[in-house]
Amino acid sequence: MILITGGAGFIGSHLCEKLLNEGEDIICLDNFFTGSKDNIRHLLDNKKFELVRHDITKEYMAEVKQIYNLACPASPVHYQYNPIKTIKTSVLGVTNMLGLAKRCKARILQASTSEVYGDPKVHPQTENYWGNVNPIGIRSCYDEGKRVAETLMMDYHRQNGVDIRIIRIFNTYGPRMAENDGRVVSNFIVQALKNEDITVYGDGMQTRSFCYVDDLVDGAIKMMNNDKGFIGPVNLGNTAETPIIDFAKIIIELTGSRSKIVHKPLPSDDPTQRRPDISLAKEMLEWEPSTELRTGLKKTIEYFDKKLKGEI
Ligand code: NAD
Ligand code: UDP
C-alpha cells in the first residue's frame, strides 16, 4: 500500500495514475484545499484506489510501505492565502507523516522545492547550495516551511533511522494544473485562450525552467525506489531556461491568440533566475527529462482548451 498525500492535486493525481498503472494499491489523501475530485474522478472505480479526505496537520494512521508527501499548496497565490496554514502543513504535517513512516517502517519521500534556494546567487542551482531565502517575506511561509520540512526529514533519518528520500522539484507544468492557481503556466494559457491580456510581472527578464509533469513523476518514482541508499536531496527539473517575457510569446504563438502582453508589478522576493543542475539525478537515478517545452505546452494547452469549453 502506497500513501500519496496531496494526491488530488496536480502532480499528485498524475502520480496516483502512474502507480495504479504499475499495479500498486494507493491511498490518496487530500484536504481538497487546492486539489479537486475532478483530478482523480477517473480513478475512483479502480479497486486498488482509495480516497481519504484528511488534513495532514492532524495525525493519520494506516499500514503503508511508502509515503509520497506532496500535500502543500504550491502556487504563490494559494500558499499566501493562508500563510500560517501553509507553514503548519510543512511543519506539523511533515512531522505527522514522519511519525507514520517511523511506526510503519515505511519509506517516505518529501516533495521539496527549488524555493529552498530562494533568490539564488549560484546559477544553475546545485544541491550543495544553501540558498538565499528571506525568512520574513511573503514567500517565507512556503520557502522556510519546505526548508524546515527537509530538516525534519534529515533529523528523523539520523535520530530514528527513518528511510527518507528528498526531491527538490523545479517549476512543473501540465494538464490538471488548477485554472485559477495564479501560476505563470496556467495564467498565460488561460489568458491566451480567452484572448485576454497576458500579465507579465516586472520586465519579464526573470527566468524559470519548466518541466513536464510526466518527466517529473518518473523522476519521483525513480528516487523513491532507488535502493542505493541515495536519500538526496536531489534536484528534479528541466534545464531549458526561459525568460518569462519569452515564455509569454511562446504561449501566444502556440495558441494563435490575439492577446497583448501587459506588464504588472513584480511581487516581492520573486526569484530573478532559476535553473536546476541535474547532474546528480543523472548520475544517481539515470534520470533526465525528455519532453521539449513546446511539446509539453501543446498538451497543456489542449487540456485547458477543453476545460474552458466544459468538455472535461
Ligand atoms: P497542488 O496545489 O495542485 O497540490 C497540492 C495538493 O495538496 C492539493 O491537492 C491540496 O488540496 C493538498 N493539500 C494542501 N494542504 C494539505 C493538507 N494540509 N492536508 C492534506 N492535503 C493538503 O500543487 P502541485 O503543483 O501538485 O504540488 C505538489 C507538491 O509538489 C507540493 O508539495 C509542492 O510544494 C511541490 N512542488 C511543486 C512544484 C510545481 O511546480 N508544481 C514545484 C516545487 C514543489
Ligand atoms: N508570473 C508572471 N505573470 C503571471 C504569473 C507569474 O509574470 O501571471 C511570473 C512570476 O512573477 C514569476 C514567474 O512568472 O517570476 C513564475 O511564477 P509562478 O507563480 O508560476 O511560480 P514561482 O516559480 O514564482 O513559484
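For this chain, numbers begin at 1 and follow the sequence in order. Whatever order the structure lists ligands and atoms in, that order sets their numbers, starting from 1.
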Chemist: On a heavy-atom basis, I'd like to know which of F170, F210, Y142 is closest to atom 36 (N) of ligand 1.
Modeler: Y142
Chemist: Has K88 got any heavy atom lying under 4.0 angstrom from an atom of ligand 1?
Modeler: no
Chemist: Select the closest option to atom 3 (O) of ligand 1 among Y173, F33, Y60, F10, judged by heavy-atom distance.
Modeler: F10
Chemist: May I ask you to check whether Q125 and H123 show a side-chain donor-acceptor distance below 3.5 Å?
Modeler: yes
Chemist: Assess whether a salt bridge exists between K222 and E286, defined as any Lys/Arg side-chain N lying under 4.0 Å from an Asp/Glu carboxylate O.
Modeler: no
Chemist: With atoms numbered from 1 as shown, which atoms in ligand 2 lie under 4.0 angstrom from a non-hydrogen atom of N187?
Modeler: 4 (C), 5 (C), 8 (O)
Chemist: Using a 4.0 Å heavy-atom cut-off, say whether Q191 meets ligand 2 through its side chain, its backbone, both or neither.
Modeler: neither
Chemist: Could you tell me whether T57 and ligand 1 have an N or O pair separated by under 3.5 Å?
Modeler: no
Chemist: Under 4.0 Å between a side-chain nitrogen and a carboxylate oxygen: does that hold for D143 and R147?
Modeler: no
Chemist: Among S36, A74, G35, which one puts a heavy atom closest to atom 27 (O) of ligand 1?
Modeler: A74
Chemist: Classify the contact between R183 and ligand 2 as side chain, backbone, both or neither, using a heavy-atom distance cut-off of under 4.0 Å.
Modeler: both
Chemist: I'd like to know whether ligand 2 has S75 as a neighbour, heavy-atom separation below 4.0 Å.
Modeler: no
Chemist: So, is I169 polar-close to ligand 1, with some N/O to N/O distance under 3.5 Å?
Modeler: no
Chemist: Side chain or backbone of R208 under 4.0 Å from ligand 2, or both, or neither, by non-hydrogen atoms?
Modeler: side chain
